[in-house]
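Following: one structure in C-alpha coordinates, then a few remarks.
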Amino acid sequence: MLTEGGIFVGGGGEGHAVPQELLLRYANRHGLIAGATGTGKTVTLQVLAEGFSKAGVPVFMADVKGDLAGIAVAGSATHKLHEAFQKRCATIGYDLHYEAFPTVFWDLFGEQGHPVRTTVSEMGPLLLSRLLDLSEAQEGVVNVAFRLADEEGLALLDLKDLQAILVWIGENAGELALRYGNVAPATVGAIQRALLVLENQGAAKFFGEPALDLADMMRVGADGRGQVNILAADRLMASPRLYATFLLWLLSELFEELPEVGDPDKPKFVFFFDEAHLLFDDAPKALVDKVEQVARLIRSKGVGVYFITQNPADVPDDVLGQLGNRVQHALRAFTAKDQQDLRRAAQNYRPNPAFDTETAIKEVGVGEAVTSFLQAKGVPGMVERTLVRPPASQLGPITTDERRGVIASSGFSAKYDRMIDRESAFERLSARAEAAAKAAAEAEAEEERLKREEREEERRAREDRRYDDRTTGRSTTRRRSSRQSDSVIETFGKSVARQLGTKTGQAIVRGILGSLFKSR
(Lines give C-alpha, C1' and ligand atoms only; values in the text may rest on other atoms or scores of the structure.)
Protein backbone atom coordinates (compact mmCIF):
# COMPACT_ATOMS: atom_id res chain seq x y z
CA MET A 1 0.00 0.00 0.00
CA LEU A 2 1.28 3.43 -0.97
CA THR A 3 -0.17 6.21 1.13
CA GLU A 4 -0.03 9.84 0.15
CA GLY A 5 3.66 10.65 0.07
CA GLY A 6 4.80 7.48 1.81
CA ILE A 7 5.37 3.72 1.63
CA PHE A 8 3.43 1.59 4.09
CA VAL A 9 5.95 -0.72 5.76
CA GLY A 10 3.84 -2.25 8.50
CA GLY A 11 1.90 -1.67 11.69
CA GLY A 12 3.38 -0.48 14.96
CA GLY A 13 2.24 0.82 18.29
CA GLU A 14 -0.46 -0.73 20.43
CA GLY A 15 -1.79 -3.86 18.69
CA HIS A 16 0.28 -2.98 15.60
CA ALA A 17 -2.51 -0.64 14.51
CA VAL A 18 -0.40 2.48 13.92
CA PRO A 19 0.84 2.68 10.27
CA GLN A 20 4.59 2.91 9.90
CA GLU A 21 5.58 4.71 6.72
CA LEU A 22 8.75 5.61 4.89
CA LEU A 23 8.12 9.13 3.61
CA LEU A 24 9.17 9.50 -0.02
CA ARG A 25 10.41 13.06 0.41
CA TYR A 26 12.99 11.77 2.91
CA ALA A 27 13.72 8.49 1.20
CA ASN A 28 16.91 9.94 -0.33
CA ARG A 29 18.27 10.41 3.20
CA HIS A 30 19.38 6.77 2.96
CA GLY A 31 18.63 3.89 5.27
CA LEU A 32 19.67 0.68 7.01
CA ILE A 33 18.12 -2.78 7.17
CA ALA A 34 19.89 -4.93 9.74
CA GLY A 35 19.31 -8.19 11.58
CA ALA A 36 20.55 -11.69 12.10
CA THR A 37 20.16 -14.39 9.47
CA GLY A 38 16.59 -15.61 9.08
CA THR A 39 14.89 -12.68 10.82
CA GLY A 40 13.15 -11.24 7.73
CA LYS A 41 15.57 -8.76 6.16
CA THR A 42 14.88 -10.08 2.64
CA VAL A 43 11.11 -9.64 3.03
CA THR A 44 11.60 -6.07 4.25
CA LEU A 45 13.86 -5.34 1.30
CA GLN A 46 11.26 -6.77 -1.10
CA VAL A 47 8.47 -4.74 0.53
CA LEU A 48 10.44 -1.49 0.21
CA ALA A 49 11.35 -2.26 -3.42
CA GLU A 50 7.67 -2.84 -4.23
CA GLY A 51 6.72 0.42 -2.58
CA PHE A 52 9.31 2.44 -4.47
CA SER A 53 8.32 0.81 -7.76
CA LYS A 54 4.65 1.72 -7.20
CA ALA A 55 5.71 5.28 -6.46
CA GLY A 56 7.46 5.48 -9.84
CA VAL A 57 10.98 5.18 -8.41
CA PRO A 58 13.40 2.78 -10.18
CA VAL A 59 15.22 0.41 -7.85
CA PHE A 60 18.48 -1.53 -7.96
CA MET A 61 19.24 -4.44 -5.64
CA ALA A 62 21.62 -7.37 -5.55
CA ASP A 63 20.09 -10.83 -5.19
CA VAL A 64 22.62 -12.71 -3.10
CA LYS A 65 20.56 -15.87 -2.46
CA GLY A 66 18.17 -15.83 -5.42
CA ASP A 67 15.20 -14.97 -3.18
CA LEU A 68 14.50 -11.51 -4.58
CA ALA A 69 13.76 -12.77 -8.10
CA GLY A 70 10.20 -13.48 -6.98
CA ILE A 71 9.37 -9.78 -7.28
CA ALA A 72 8.97 -10.38 -11.03
CA VAL A 73 6.06 -12.80 -10.40
CA ALA A 74 2.79 -12.17 -8.61
CA GLY A 75 2.20 -13.88 -5.29
CA SER A 76 -0.35 -16.67 -5.12
CA ALA A 77 -3.11 -17.82 -2.84
CA THR A 78 -1.66 -21.32 -3.15
CA HIS A 79 1.60 -20.27 -1.47
CA LYS A 80 2.26 -22.02 1.81
CA LEU A 81 2.37 -18.69 3.68
CA HIS A 82 -0.85 -17.31 2.21
CA GLU A 83 -2.90 -17.95 5.35
CA ALA A 84 -0.23 -16.43 7.59
CA PHE A 85 -0.04 -13.40 5.31
CA GLN A 86 -3.79 -12.89 5.49
CA LYS A 87 -3.75 -12.99 9.29
CA ARG A 88 -0.92 -10.49 9.44
CA CYS A 89 -2.71 -8.15 7.00
CA ALA A 90 -5.82 -8.30 9.20
CA THR A 91 -3.72 -7.36 12.23
CA ILE A 92 -2.05 -4.35 10.64
CA GLY A 93 -5.00 -3.24 8.52
CA TYR A 94 -3.48 -3.90 5.11
CA ASP A 95 -5.43 -4.99 2.01
CA LEU A 96 -3.15 -7.43 0.19
CA HIS A 97 -3.42 -7.77 -3.60
CA TYR A 98 -0.91 -10.02 -5.31
CA GLU A 99 0.90 -8.53 -8.29
CA ALA A 100 4.16 -8.73 -10.23
CA PHE A 101 6.50 -5.78 -10.73
CA PRO A 102 8.42 -4.66 -13.86
CA THR A 103 11.76 -6.39 -13.45
CA VAL A 104 15.03 -6.57 -15.39
CA PHE A 105 17.64 -9.16 -14.48
CA TRP A 106 21.35 -8.33 -14.74
CA ASP A 107 24.42 -10.50 -14.28
CA LEU A 108 28.13 -9.65 -14.43
CA PHE A 109 28.72 -13.09 -15.94
CA GLY A 110 25.82 -12.85 -18.41
CA GLU A 111 24.26 -16.14 -17.27
CA GLN A 112 21.18 -15.22 -15.22
CA GLY A 113 20.53 -11.83 -16.75
CA HIS A 114 21.75 -9.26 -19.24
CA PRO A 115 25.51 -8.70 -19.03
CA VAL A 116 26.66 -5.72 -17.01
CA ARG A 117 29.86 -4.17 -18.29
CA THR A 118 31.97 -1.12 -17.75
CA THR A 119 35.29 -0.03 -19.18
CA VAL A 120 38.59 0.02 -17.33
CA SER A 121 38.80 3.79 -17.76
CA GLU A 122 35.32 4.30 -16.27
CA MET A 123 36.26 2.15 -13.29
CA GLY A 124 39.23 4.43 -12.60
CA PRO A 125 42.55 3.72 -10.87
CA LEU A 126 41.26 4.01 -7.28
CA LEU A 127 38.47 1.44 -7.53
CA LEU A 128 40.56 -0.79 -9.77
CA SER A 129 43.41 -0.79 -7.26
CA ARG A 130 40.88 -1.65 -4.53
CA LEU A 131 39.57 -4.46 -6.67
CA LEU A 132 43.09 -5.83 -7.18
CA ASP A 133 44.12 -5.24 -3.55
CA LEU A 134 47.26 -3.42 -4.66
CA SER A 135 49.95 -1.87 -2.50
CA GLU A 136 50.65 1.86 -2.58
CA ALA A 137 53.56 1.44 -4.99
CA GLN A 138 51.50 -0.79 -7.29
CA GLU A 139 48.61 1.67 -7.21
CA GLY A 140 51.07 4.36 -8.28
CA VAL A 141 51.99 2.35 -11.39
CA VAL A 142 48.29 1.89 -12.21
CA ASN A 143 47.90 5.68 -12.01
CA VAL A 144 50.83 6.06 -14.40
CA ALA A 145 49.14 3.63 -16.80
CA PHE A 146 45.91 5.66 -16.79
CA ARG A 147 47.83 8.92 -17.26
CA LEU A 148 49.85 7.57 -20.18
CA ALA A 149 46.76 6.10 -21.81
CA ASP A 150 45.14 9.52 -21.67
CA GLU A 151 48.20 11.31 -23.05
CA GLU A 152 48.74 8.78 -25.83
CA GLY A 153 45.06 8.64 -26.79
CA LEU A 154 44.82 4.93 -25.91
CA ALA A 155 41.37 3.74 -24.88
CA LEU A 156 41.36 1.43 -21.84
CA LEU A 157 38.26 -0.68 -22.38
CA ASP A 158 39.00 -4.22 -21.21
CA LEU A 159 41.61 -6.09 -19.18
CA LYS A 160 43.86 -6.82 -22.13
CA ASP A 161 44.12 -3.07 -22.79
CA LEU A 162 45.43 -2.50 -19.28
CA GLN A 163 47.75 -5.50 -19.55
CA ALA A 164 49.13 -4.19 -22.85
CA ILE A 165 49.90 -0.72 -21.54
CA LEU A 166 51.57 -2.20 -18.44
CA VAL A 167 53.85 -4.20 -20.76
CA TRP A 168 54.62 -1.00 -22.67
CA ILE A 169 55.46 0.79 -19.40
CA GLY A 170 57.79 -2.03 -18.38
CA GLU A 171 59.59 -1.93 -21.73
CA ASN A 172 60.01 1.86 -21.57
CA ALA A 173 60.60 2.24 -17.84
CA GLY A 174 63.95 3.97 -18.36
CA GLU A 175 62.46 6.71 -20.52
CA LEU A 176 59.51 7.21 -18.16
CA ALA A 177 61.56 7.37 -14.96
CA LEU A 178 62.32 11.11 -15.19
CA ARG A 179 58.63 11.99 -15.55
CA TYR A 180 56.87 9.46 -13.34
CA GLY A 181 59.57 7.97 -11.17
CA ASN A 182 61.10 4.52 -11.26
CA VAL A 183 58.85 1.68 -12.34
CA ALA A 184 60.32 -1.62 -11.23
CA PRO A 185 59.70 -4.67 -13.43
CA ALA A 186 58.75 -6.59 -10.28
CA THR A 187 55.96 -4.09 -9.56
CA VAL A 188 54.57 -4.40 -13.07
CA GLY A 189 54.77 -8.18 -12.78
CA ALA A 190 52.84 -8.15 -9.48
CA ILE A 191 50.04 -6.09 -11.06
CA GLN A 192 49.91 -8.44 -14.04
CA ARG A 193 49.54 -11.43 -11.72
CA ALA A 194 46.71 -9.70 -9.86
CA LEU A 195 44.99 -9.02 -13.18
CA LEU A 196 45.40 -12.68 -14.10
CA VAL A 197 43.71 -13.75 -10.86
CA LEU A 198 40.90 -11.30 -11.53
CA GLU A 199 40.53 -12.61 -15.07
CA ASN A 200 40.32 -16.18 -13.81
CA GLN A 201 37.46 -15.12 -11.51
CA GLY A 202 35.45 -14.04 -14.54
CA ALA A 203 36.04 -10.29 -14.34
CA ALA A 204 37.09 -10.24 -17.99
CA LYS A 205 33.39 -10.35 -18.85
CA PHE A 206 32.76 -7.30 -16.67
CA PHE A 207 35.24 -5.05 -18.46
CA GLY A 208 34.35 -4.24 -22.04
CA GLU A 209 31.68 -2.82 -24.30
CA PRO A 210 28.85 -2.08 -24.64
CA ALA A 211 29.10 -0.45 -21.22
CA LEU A 212 26.03 -0.16 -19.06
CA ASP A 213 23.91 2.91 -19.75
CA LEU A 214 22.51 4.01 -16.40
CA ALA A 215 19.41 5.36 -18.14
CA ASP A 216 18.47 1.74 -18.90
CA MET A 217 18.23 1.11 -15.15
CA MET A 218 16.22 4.22 -14.41
CA ARG A 219 13.18 3.61 -16.60
CA VAL A 220 9.60 4.25 -15.54
CA GLY A 221 6.91 2.27 -17.36
CA ALA A 222 3.78 3.56 -19.03
CA ASP A 223 1.82 2.49 -15.96
CA GLY A 224 3.93 4.82 -13.82
CA ARG A 225 5.79 2.07 -11.97
CA GLY A 226 9.54 2.20 -11.60
CA GLN A 227 11.73 -0.55 -13.00
CA VAL A 228 13.15 -3.05 -10.49
CA ASN A 229 16.73 -4.00 -11.44
CA ILE A 230 18.01 -7.22 -9.87
CA LEU A 231 21.66 -8.20 -10.05
CA ALA A 232 22.25 -11.95 -9.83
CA ALA A 233 24.90 -12.07 -7.11
CA ASP A 234 24.91 -15.68 -5.93
CA ARG A 235 27.97 -16.56 -8.01
CA LEU A 236 29.40 -13.08 -7.64
CA MET A 237 29.61 -13.57 -3.87
CA ALA A 238 32.49 -15.99 -4.49
CA SER A 239 34.45 -12.88 -5.50
CA PRO A 240 33.43 -10.46 -2.72
CA ARG A 241 35.97 -7.83 -3.74
CA LEU A 242 34.56 -7.71 -7.26
CA TYR A 243 31.03 -7.53 -5.84
CA ALA A 244 31.79 -4.61 -3.51
CA THR A 245 33.82 -2.73 -6.09
CA PHE A 246 31.11 -3.06 -8.73
CA LEU A 247 28.43 -1.68 -6.42
CA LEU A 248 30.65 1.21 -5.35
CA TRP A 249 31.40 1.91 -9.02
CA LEU A 250 27.69 2.01 -9.76
CA LEU A 251 27.15 4.50 -6.94
CA SER A 252 30.03 6.64 -8.20
CA GLU A 253 28.62 6.63 -11.74
CA LEU A 254 25.21 7.72 -10.46
CA PHE A 255 26.86 10.52 -8.51
CA GLU A 256 28.86 11.74 -11.52
CA GLU A 257 26.11 11.52 -14.14
CA LEU A 258 22.97 12.70 -12.35
CA PRO A 259 22.23 16.43 -12.00
CA GLU A 260 21.64 18.18 -8.70
CA VAL A 261 17.96 18.15 -7.71
CA GLY A 262 18.10 19.27 -4.08
CA ASP A 263 15.29 17.75 -2.00
CA PRO A 264 12.83 16.17 -4.47
CA ASP A 265 9.34 14.97 -3.58
CA LYS A 266 10.56 11.44 -4.21
CA PRO A 267 13.92 9.87 -5.13
CA LYS A 268 14.99 9.47 -8.73
CA PHE A 269 16.64 6.14 -7.94
CA VAL A 270 17.03 3.87 -4.91
CA PHE A 271 20.02 1.61 -4.41
CA PHE A 272 19.99 -1.37 -2.03
CA PHE A 273 23.45 -2.59 -1.02
CA ASP A 274 23.04 -6.13 0.34
CA GLU A 275 25.84 -7.77 2.38
CA ALA A 276 27.18 -4.27 3.00
CA HIS A 277 29.95 -5.49 5.29
CA LEU A 278 31.80 -6.72 2.19
CA LEU A 279 32.38 -3.12 1.20
CA PHE A 280 34.08 -2.22 4.47
CA ASP A 281 35.92 -5.40 5.49
CA ASP A 282 39.68 -4.66 5.38
CA ALA A 283 38.97 -1.62 3.22
CA PRO A 284 41.64 1.11 3.17
CA LYS A 285 40.71 4.44 4.73
CA ALA A 286 40.75 6.15 1.33
CA LEU A 287 37.99 3.85 0.11
CA VAL A 288 35.87 4.24 3.24
CA ASP A 289 36.22 8.01 2.86
CA LYS A 290 35.03 7.64 -0.74
CA VAL A 291 31.92 5.72 0.38
CA GLU A 292 31.17 8.33 3.04
CA GLN A 293 31.58 11.14 0.51
CA VAL A 294 29.29 9.49 -2.01
CA ALA A 295 26.66 8.68 0.65
CA ARG A 296 26.73 12.24 1.93
CA LEU A 297 26.56 13.99 -1.45
CA ILE A 298 24.55 11.64 -3.65
CA ARG A 299 21.28 12.37 -1.85
CA SER A 300 21.32 15.82 -3.49
CA LYS A 301 21.22 13.93 -6.81
CA GLY A 302 17.96 12.31 -5.71
CA VAL A 303 19.48 8.90 -4.99
CA GLY A 304 18.70 6.93 -1.85
CA VAL A 305 21.17 4.29 -0.61
CA TYR A 306 20.07 1.52 1.73
CA PHE A 307 22.62 -0.79 3.36
CA ILE A 308 21.54 -4.31 4.29
CA THR A 309 23.73 -6.17 6.76
CA GLN A 310 23.52 -8.42 9.80
CA ASN A 311 24.87 -5.97 12.33
CA PRO A 312 24.89 -2.16 12.29
CA ALA A 313 28.45 -2.38 13.59
CA ASP A 314 29.47 -3.62 10.13
CA VAL A 315 29.00 -0.07 8.84
CA PRO A 316 31.53 2.61 9.89
CA ASP A 317 30.15 5.34 12.17
CA ASP A 318 30.76 8.09 9.61
CA VAL A 319 28.58 6.22 7.12
CA LEU A 320 26.07 5.03 9.71
CA GLY A 321 25.44 8.64 10.65
CA GLN A 322 24.12 9.29 7.13
CA LEU A 323 21.39 6.62 7.39
CA GLY A 324 18.17 8.26 8.55
CA ASN A 325 15.58 5.50 7.89
CA ARG A 326 16.18 2.31 9.84
CA VAL A 327 14.67 -1.14 10.10
CA GLN A 328 16.30 -3.29 12.77
CA HIS A 329 15.36 -6.96 12.85
CA ALA A 330 16.38 -9.22 15.73
CA LEU A 331 19.96 -9.42 16.93
CA ARG A 332 21.14 -12.43 18.91
CA ALA A 333 23.51 -11.70 21.81
CA PHE A 334 25.44 -14.90 22.46
CA THR A 335 28.81 -13.39 23.37
CA ALA A 336 30.07 -10.33 25.21
CA LYS A 337 30.83 -8.68 21.88
CA ASP A 338 27.29 -9.45 20.66
CA GLN A 339 25.88 -7.80 23.77
CA GLN A 340 28.05 -4.77 23.20
CA ASP A 341 26.92 -4.53 19.57
CA LEU A 342 23.29 -4.90 20.65
CA ARG A 343 23.62 -2.09 23.17
CA ARG A 344 25.29 0.09 20.56
CA ALA A 345 22.52 -0.63 18.02
CA ALA A 346 19.83 0.36 20.54
CA GLN A 347 21.57 3.65 21.24
CA ASN A 348 21.12 4.68 17.59
CA TYR A 349 17.34 5.04 17.98
CA ARG A 350 15.14 7.74 19.44
CA PRO A 351 13.78 6.13 22.63
CA ASN A 352 10.14 5.16 23.05
CA PRO A 353 8.87 5.32 26.65
CA ALA A 354 6.56 2.38 25.96
CA PHE A 355 9.38 -0.18 25.80
CA ASP A 356 13.12 -0.70 26.14
CA THR A 357 14.75 -0.60 22.71
CA GLU A 358 17.56 -3.00 23.56
CA THR A 359 15.12 -5.57 24.89
CA ALA A 360 12.86 -5.14 21.86
CA ILE A 361 15.70 -5.78 19.44
CA LYS A 362 16.37 -9.09 21.18
CA GLU A 363 12.73 -10.14 21.36
CA VAL A 364 11.17 -9.24 17.98
CA GLY A 365 10.19 -12.31 15.98
CA VAL A 366 10.52 -13.22 12.32
CA GLY A 367 8.82 -10.62 10.16
CA GLU A 368 8.84 -8.11 13.01
CA ALA A 369 11.31 -5.28 13.43
CA VAL A 370 12.23 -2.20 15.40
CA THR A 371 11.76 0.72 13.00
CA SER A 372 12.48 4.42 12.89
CA PHE A 373 11.69 6.58 9.84
CA LEU A 374 12.36 10.25 9.27
CA GLN A 375 9.36 12.47 9.95
CA ALA A 376 8.54 16.09 9.14
CA LYS A 377 11.61 18.31 8.72
CA GLY A 378 13.80 15.18 8.64
CA VAL A 379 13.54 14.49 12.37
CA PRO A 380 14.09 10.83 13.33
CA GLY A 381 10.84 9.16 14.33
CA MET A 382 10.34 7.51 17.67
CA VAL A 383 11.34 3.85 17.60
CA GLU A 384 8.44 1.40 17.19
CA ARG A 385 7.98 -2.36 17.24
CA THR A 386 6.59 -2.97 13.77
CA LEU A 387 4.97 -5.98 12.16
CA VAL A 388 6.19 -5.81 8.53
CA ARG A 389 3.54 -6.24 5.83
CA PRO A 390 3.68 -9.26 3.47
CA PRO A 391 4.97 -8.73 -0.07
CA ALA A 392 2.52 -8.55 -2.99
CA SER A 393 4.92 -10.39 -5.27
CA GLN A 394 6.09 -13.98 -4.91
CA LEU A 395 8.18 -14.70 -1.87
CA GLY A 396 11.21 -16.75 -2.87
CA PRO A 397 12.97 -17.72 -6.12
CA ILE A 398 11.42 -18.27 -9.55
CA THR A 399 11.92 -21.05 -12.07
CA THR A 400 14.51 -20.97 -14.85
CA ASP A 401 11.78 -20.71 -17.49
CA GLU A 402 10.18 -17.77 -15.68
CA ARG A 403 13.54 -16.01 -15.52
CA ARG A 404 14.16 -16.59 -19.22
CA GLY A 405 10.77 -15.14 -20.03
CA VAL A 406 11.50 -11.98 -18.03
CA ILE A 407 14.90 -11.61 -19.70
CA ALA A 408 13.45 -12.04 -23.18
CA SER A 409 10.74 -9.44 -22.58
CA SER A 410 13.05 -6.69 -21.31
CA GLY A 411 14.10 -5.48 -24.77
CA PHE A 412 17.78 -5.23 -23.78
CA SER A 413 19.06 -8.44 -25.38
CA ALA A 414 20.01 -6.82 -28.68
CA LYS A 415 21.88 -4.04 -26.88
CA TYR A 416 23.87 -5.86 -24.23
CA ASP A 417 24.03 -9.60 -24.84
CA ARG A 418 26.75 -9.40 -27.51
CA MET A 419 30.17 -8.02 -26.57
CA ILE A 420 31.88 -5.52 -28.89
CA ASP A 421 35.67 -5.42 -29.22
CA ARG A 422 36.64 -2.20 -30.99
CA GLU A 423 40.13 -0.77 -31.48
CA SER A 424 41.65 0.25 -28.18
CA ALA A 425 44.99 0.27 -26.36
CA PHE A 426 45.67 -3.42 -26.97
CA GLU A 427 45.15 -3.21 -30.73
CA ARG A 428 47.06 0.05 -31.13
CA LEU A 429 50.01 -1.05 -29.02
CA SER A 430 50.03 -4.39 -30.84
CA ALA A 431 50.10 -2.52 -34.16
CA ARG A 432 53.01 -0.42 -32.88
CA ALA A 433 54.87 -3.51 -31.78
CA GLU A 434 54.27 -5.21 -35.14
CA ALA A 435 55.43 -2.11 -37.02
CA ALA A 436 58.53 -1.89 -34.83
CA ALA A 437 59.25 -5.60 -35.32
CA LYS A 438 58.81 -5.24 -39.08
CA ALA A 439 61.12 -2.22 -39.17
CA ALA A 440 63.69 -4.08 -37.07
CA ALA A 441 63.48 -7.11 -39.40
CA GLU A 442 63.93 -4.88 -42.47
CA ALA A 443 66.90 -3.12 -40.85
CA GLU A 444 68.45 -6.46 -39.97
CA ALA A 445 67.93 -7.71 -43.53
CA GLU A 446 69.51 -4.55 -44.95
CA GLU A 447 72.46 -4.89 -42.60
CA GLU A 448 72.90 -8.51 -43.66
CA ARG A 449 72.77 -7.48 -47.33
CA LEU A 450 75.47 -4.87 -46.78
CA LYS A 451 77.62 -7.40 -44.97
CA ARG A 452 77.25 -9.86 -47.85
CA GLU A 453 78.27 -7.20 -50.35
CA GLU A 454 81.26 -6.29 -48.21
CA ARG A 455 82.31 -9.93 -47.96
CA GLU A 456 81.92 -10.28 -51.75
CA GLU A 457 84.12 -7.24 -52.36
CA GLU A 458 86.75 -8.60 -49.99
CA ARG A 459 86.68 -11.96 -51.80
CA ARG A 460 87.15 -10.31 -55.18
CA ALA A 461 90.01 -8.21 -53.85
CA ARG A 462 91.77 -11.30 -52.53
CA GLU A 463 91.38 -13.06 -55.89
CA ASP A 464 92.81 -10.05 -57.71
CA ARG A 465 95.84 -10.01 -55.42
CA ARG A 466 96.45 -13.73 -55.92
CA TYR A 467 96.29 -13.27 -59.74
CA ASP A 468 98.76 -10.42 -59.63
CA ASP A 469 101.11 -12.46 -57.43
CA ARG A 470 101.06 -15.40 -59.89
CA THR A 471 101.77 -13.16 -62.89
CA THR A 472 104.68 -11.39 -61.23
CA GLY A 473 106.12 -14.69 -60.02
CA ARG A 474 106.27 -16.18 -63.59
CA SER A 475 108.12 -13.14 -65.03
CA THR A 476 110.70 -13.19 -62.28
CA THR A 477 111.31 -16.89 -62.81
CA ARG A 478 111.86 -16.41 -66.56
CA ARG A 479 114.38 -13.65 -66.01
CA ARG A 480 116.15 -15.68 -63.38
CA SER A 481 116.21 -18.76 -65.67
CA SER A 482 117.54 -16.66 -68.57
CA ARG A 483 120.36 -15.26 -66.44
CA GLN A 484 121.20 -18.72 -65.15
CA SER A 485 121.21 -20.05 -68.74
CA ASP A 486 123.55 -17.31 -69.87
CA SER A 487 125.82 -18.01 -66.93
CA VAL A 488 125.91 -21.75 -67.69
CA ILE A 489 126.51 -21.13 -71.36
CA GLU A 490 129.27 -18.70 -70.53
CA THR A 491 130.99 -21.10 -68.15
CA PHE A 492 130.53 -24.11 -70.44
CA GLY A 493 131.78 -22.16 -73.44
CA LYS A 494 134.92 -21.09 -71.66
CA SER A 495 135.55 -24.65 -70.58
CA VAL A 496 135.10 -26.00 -74.09
CA ALA A 497 137.24 -23.18 -75.50
CA ARG A 498 140.05 -24.08 -73.24
CA GLN A 499 139.70 -27.53 -74.54
CA LEU A 500 139.47 -26.39 -78.14
CA GLY A 501 141.86 -23.48 -77.66
CA THR A 502 140.03 -21.05 -79.96
CA LYS A 503 137.42 -18.30 -79.76
CA THR A 504 135.60 -19.79 -82.65
CA GLY A 505 135.02 -22.94 -80.67
CA GLN A 506 133.57 -20.93 -77.83
CA ALA A 507 131.07 -19.20 -80.11
CA ILE A 508 129.98 -22.47 -81.62
CA VAL A 509 129.45 -24.07 -78.28
CA ARG A 510 127.56 -20.99 -76.97
CA GLY A 511 125.19 -21.11 -79.91
CA ILE A 512 124.48 -24.76 -79.49
CA LEU A 513 123.77 -24.48 -75.77
CA GLY A 514 121.66 -21.36 -76.24
CA SER A 515 119.47 -23.14 -78.71
CA LEU A 516 119.02 -25.98 -76.28
CA PHE A 517 117.91 -23.74 -73.39
CA LYS A 518 115.53 -21.78 -75.59
CA SER A 519 113.88 -24.95 -76.80
CA ARG A 520 113.05 -25.68 -73.19
Side-chain angles (χ1 to χ4, degrees), residues 7-10 20 22 31-54 59-76 79-82 84-85 88-89 92 94 96 98-101 103-107 112-113 228-237 240 243 247 270-279 304-312 314-315 323 325-332 345 361 364-371 386-399 402-403 406:
I7 299 173
F8 179 77
V9 177
Q20 300 299 305
L22 171 61
L32 173 72
I33 302 173
T37 301
T39 56
K41 297 193 301 297
T42 300
V43 174
T44 301
L45 172 56
Q46 190 166 336
V47 165
L48 290 180
E50 290 179 355
F52 281 118
S53 178
K54 278 192 172 183
V59 171
F60 175 90
M61 52 188 180
D63 190 4
V64 175
K65 297 174 290 185
D67 295 344
L68 293 174
I71 200 170
V73 178
S76 172
H79 193 276
K80 63 181 181 180
L81 294 177
H82 174 71
F85 286 170
R88 182 178 300 185
C89 289
I92 62 179
Y94 177 68
L96 178 62
Y98 291 121
E99 62 179 312
F101 290 81
T103 305
V104 176
F105 291 112
W106 305 92
D107 186 359
Q112 301 182 67
V228 177
N229 302 278
I230 298 181
L231 176 72
D234 49 351
R235 179 183 170 189
L236 186 60
M237 293 305 295
Y243 169 74
L247 295 182
V270 171
F271 184 97
F272 291 98
F273 199 139
D274 202 0
E275 299 294 341
H277 66 278
L278 296 176
L279 180 61
V305 181
Y306 290 72
F307 294 89
I308 299 94
T309 188
Q310 293 191 16
N311 195 318
D314 296 334
V315 182
L323 312 182
N325 300 293
R326 302 188 179 188
V327 178
Q328 177 67 65
H329 289 273
L331 285 178
R332 309 306 182 197
I361 293 176
V364 290
V366 177
E368 190 180 5
V370 172
T371 63
T386 301
L387 194 60
V388 179
R389 76 159 177 89
S393 55
Q394 177 177 302
L395 183 63
I398 60 177
T399 65
E402 288 173 330
R403 181 182 290 269
V406 173

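Side chains are part of it too, since the values below use all heavy atoms of this structure and drop only hydrogens, waters and symmetry mates. In this chain, numbering begins with 1 at the start of the sequence shown. This one's a predicted model, so the numbers in the text were calculated from it and none came from an experiment.
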- request: Tell me, with the steps shown, if Q310 and T37 meet side-chain hydrogen bond (donor to acceptor under 3.5 Å, both in side chains).
  value: CA-CA 7 Å; Q310 293 191 16; T37 301; 3.1 Å; yes
field: Test side chain to side chain contact (heavy atoms under 4.5 Å, CB included) applied to L247 and F271, step by step
entry: CA-CA 9 Å; L247 295 182; F271 184 97; 3.9 Å; yes
Check against side chain to side chain contact (heavy atoms under 4.5 Å, CB included), I308 and L32: CA-CA 6 Å; I308 299 94; L32 173 72; over 6 Å; no
message: side chain to side chain contact (heavy atoms under 4.5 Å, CB included), that's the test. Do L395 and Q46 meet it? Break it down for me.
response: CA-CA 9 Å; L395 183 63; Q46 190 166 336; 4.1 Å; yes
- request: Report the C-alpha distance between V104 and V228 in whole Å, list the side-chain angles of each, state the deciding distance to 0.1 Å, and finish with yes or no for side chain to side chain contact (heavy atoms under 4.5 Å, CB included).
  value: CA-CA 6 Å; V104 176; V228 177; over 6 Å; no
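Screening residues 31-50 for salt bridge (charged side-chain N to carboxylate O under 4.0 Å, His left out) gives E50-R389 as the qualifying pairs, with residues at least two apart or on separate chains.
Between G367 and R88 the shortest heavy-atom distance is O-NH1, 3.7 Å. In this structure, V43 and P391 approach most closely via the heavy-atom pair CG1-CD, 4.0 Å.
Under 4.0 Å is where a charged nitrogen must lie from a carboxylate oxygen, and between E99 and K54 at least one such pair does.
Contacts of E368 classified as salt bridge (charged side-chain N to carboxylate O under 4.0 Å, His left out), with partners at least two apart in sequence or in another chain: R385. Scanning for ring pair (Phe, Tyr, Trp, His ring centres under 6.0 Å) contacts around F272 gives Y306, with sequence neighbours left out. Under the side-chain hydrogen bond (donor to acceptor under 3.5 Å, both in side chains) criterion, D107 pairs with no residue at all, not counting sequence neighbours. Y98 pairs by the ring pair (Phe, Tyr, Trp, His ring centres under 6.0 Å) definition with H82, not counting sequence neighbours. Residues passing the ring pair (Phe, Tyr, Trp, His ring centres under 6.0 Å) test with F52: none are found, sequence neighbours excluded.
Side-chain contact between T309 and F273 is absent, with no heavy atoms from C-beta onward closer than 4.5 Å. Contact of the D63 side chain with the D234 side chain is not registered, since no non-hydrogen atoms from C-beta on lie closer than 4.5 Å. Within the 4.5 Å cutoff, side-chain heavy atoms of F8 are placed close to those of I92. In this structure the side chain of E275 reaches within 4.5 angstrom of the side chain of M237, judged on heavy atoms. A 4.5 Å side-chain heavy-atom check between Y243 and V64 finds at least one atom pair inside the cut-off. Between L48 and V9 the shortest side-chain heavy-atom distance falls below 4.5 Å. Side-chain atoms of I398 and F105, non-hydrogen and from C-beta on, do get closer than 4.5 Å to each other. Within the 4.5 Å cutoff, the side chain of P397 has heavy atoms near those of the D67 side chain.
Within the 3.5 Å criterion, the main-chain N or O of A369 finds no donor-acceptor partner in the side chain of H329.
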